[in-house]
Asks: 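Below is one structure. I have some questions about it.
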Amino acid sequence: MALRVATWNVNSVSTRLERVAAWLESAKPDVVCLQELKVSTDEFPTAAMSELGYESAAHGRGRWNGVAILSRVGLADVVRDLPGQPDYEGVVEPRAISATCGPVRVCSVYVPNGREVGHAHYVYKLRWLHALVGAAAAEAGAGLPFAVLGDYNVAPTDDDVWDPALFVDATHVTPQERAMVEALREVGLSEVMPRALKHAWPFTFWDYRQLAFPKNNGMRIDLVFGNPGFTGAVTDSYVDRNERKGAGASDHAPVVVDLDLES
DNA sequence: ATGGCCTGATCTTCAGGA
């Protein structure tokens, strides 16, 4: 069966609801991982998603963070948080949710930003990524096609930032962060590399400031890592940069993955 | 065509984003 899976950091699901709804209707994904909901679980627009044909499972706690999974091919075995997920200042933040959607299992993640190298939030980010590697290791061999999709807040290579010279000693590019992403490969996952709809490289994020989008000053930090059952079924993948255009856009664009699965 | 920040709460000012 053909299956379209996507991930999108929407930067407030409330503010973005009209655009998300329009995109669901035009792109017609079967499974969508959302990040940065910025609402609590009970404020998630479950009814609106249902009207669009999607079951949803959300995990949010108000102003910051928040993740969800939408599916129109079934939604079962929902797990919130990661095993061993670290807290920040005493709070285990809503940054991960997993579910089985028809033939695939997906994990929607919003990795901590890190703020500055050496900051407590940066240490937290590395610990969080370590927990993600552990969770991915457990899921990768569980049998189903499986993928971790979301805002990793890490640019895997220097090609994934518009100007590496501007990122010296910055978060998102440090060897420590990149090593944690590489560790996903060591536990049996590999990356689904999307194509760009325009320009040479498939950036997924462009800052709101300083005309970053029209100048294509972007970063590729929204990533998809899957086990062989998932990546082996991929027929296409692209970043839908059109969603970064116009009024009321998120600063991230959706990443779309098309699969052709046996069942 | 894109467009010189945006979002939500502590709410007219700020933290956080990356």
Side-chain angles (χ1 to χ4, degrees), chain A residues 7-20 22-23 34-45 58 60-68 88-89 91 93-95 109-126 128-129 150-178 180-181 196-223 239-255:
Chain A
T7 180
W8 193 6
N9 177 325
V10 292
N11 187 16
S12 172
V13 74
S14 307
T15 299
R16 213 68 58 210
L17 187 54
E18 281 189 26
R19 282 194 71 134
V20 171
W23 187 75
L34 300 176
Q35 301 87 35
E36 278 210 85
L37 305 179
K38 298 189 172 180
V39 295
S40 60
T41 300
D42 58 7
E43 292 169 329
F44 187 81
R61 198 174 289 114
R63 183 177 187 184
W64 305 113
N65 314 308
V67 286
Y88 186 67
E89 297 181 339
V91 178
E93 298 172 322
R95 293 178 175 276
V109 296
Y110 178 46
V111 178
N113 170 288
R115 297 185 190 163
E116 294 175 10
V117 175
H119 193 286
H121 207 264
Y122 176 77
V123 177
Y124 167 55
K125 179 180 192 175
L126 294 177
W128 205 96
L129 284 164
D151 180 354
Y152 284 60
N153 269 317
V154 179
T157 74
D158 280 353
D159 286 333
D160 297 314
V161 295
W162 79 93
D163 184 356
L166 297 175
F167 284 82
V168 174
D169 298 326
T171 60
H172 296 62
V173 302
T174 66
Q176 290 84 358
E177 290 161 273
R178 287 175 170 170
M180 295 310 302
V181 172
L197 295 187
K198 186 181 177 183
H199 301 300
W201 202 251
F203 293 139
T204 66
F205 164 86
W206 299 261
D207 201 288
Y208 286 123
R209 292 166 285 190
Q210 298 178 309
L211 292 171
F213 182 60
K215 292 176 179 173
N216 199 34
N217 290 346
M219 303 172 73
R220 195 177 72 85
I221 55 177
D222 299 87
L223 311 176
V239 178
D240 192 352
R241 73 182 292 282
N242 293 323
E243 276 308 311
R244 182 61 181 80
K245 295 180 180 178
S250 170
D251 41 3
H252 296 251
V255 180

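Sequence lines set the chain letters: A, B, ... in the order given, protein chains first and strands last, and positions in each chain run from 1.
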Asks: Please state the P separation for the pair dA9(B) and dG4(B) - nearest whole angstrom.
Replies: 24 Å
Asks: Measure from CG on Asp240(A) to C1' on dT2(B) and round the result to the nearest Å.
Replies: 14 Å
Asks: Quick check: closest heavy atoms across Val161(A) and Val173(A), and the distance to 0.1 Å?
Replies: CG1-CG1, 4.0 Å
Asks: How far does the P atom of dG3(B) sit from the matching atom of dT7(B), given to the nearest Å?
Replies: 13 Å
Asks: Between Tyr110(A) and Gly66(A) (side chain of the first, backbone of the second, donor and acceptor by atom type, cut-off under 3.5 Å), is there such a pair?
Replies: no
Asks: To the nearest Å, how far apart are Leu37(A) CG and dC6(B) C1'?
Replies: 17 Å
Asks: Specify the residue among Ala249(A) and Gly246(A) whose closest nucleotide of DNA chain B lies further upstream toward the 5′ end.
Replies: Gly246(A)
Asks: Heavy atoms under 4.0 Å, any strand shown: does Lys198(A) hit a base, just sugar-phosphate, or nothing?
Replies: base
Asks: What residues, two or more places apart in sequence or in another chain, satisfy salt bridge (charged side-chain N to carboxylate O under 4.0 Å, His left out) together with Arg178(A)?
Replies: Asp158(A)
Asks: What string of B, S and - do you get for nucleotides 11-18 of chain B, 5' to 3', when a contact is any protein heavy atom under 4.0 Å?
Replies: ----BSBB
Asks: Mind checking salt bridge (charged side-chain N to carboxylate O under 4.0 Å, His left out) for Arg209(A) and listing every partner two or more places apart, or none if nothing turns up?
Replies: Asp207(A)
Asks: Using atom P of each nucleotide, how far apart are dA15(B) and dT10(B) to the nearest Å?
Replies: 14 Å
Asks: Between dC6(B) and dA18(B), how far apart are the P atoms? Round to whole Å, please.
Replies: 15 Å
Asks: If I take atom CZ in residue Arg16(A) and atom P in nucleotide dC5(B), what distance separates them, rounded to the nearest angstrom?
Replies: 16 Å
Asks: Rounded to the nearest angstrom, tell me the gap between atom CZ in Arg244(A) and atom P in dA1(B).
Replies: 18 Å
Asks: In whole angstrom, what separates Leu197(A)'s CG from dA1(B)'s P?
Replies: 17 Å
Asks: Tell me every residue that passes side chain to side chain contact (heavy atoms under 4.5 Å, CB included) with Leu17(A), counting only those two or more places apart in sequence or in another chain.
Replies: Pro45(A), Ala48(A), Met49(A)
Asks: Taking atom P in both dG17(B) and dT12(B), what distance in whole Å separates the two?
Replies: 23 Å
Asks: Among residues at least two apart in sequence or on other chains, which ones pass side chain to side chain contact (heavy atoms under 4.5 Å, CB included) with Glu116(A)?
Replies: His119(A)
Asks: Send over the distance from Gln35(A) CD to dT7(B) P, rounded to a whole Å.
Replies: 17 Å
Asks: Kindly write out the residues that satisfy side chain to side chain contact (heavy atoms under 4.5 Å, CB included) with Thr174(A), not counting sequence neighbours, or none if the list is empty.
Replies: Val117(A), Tyr122(A), Gln176(A), Glu177(A)
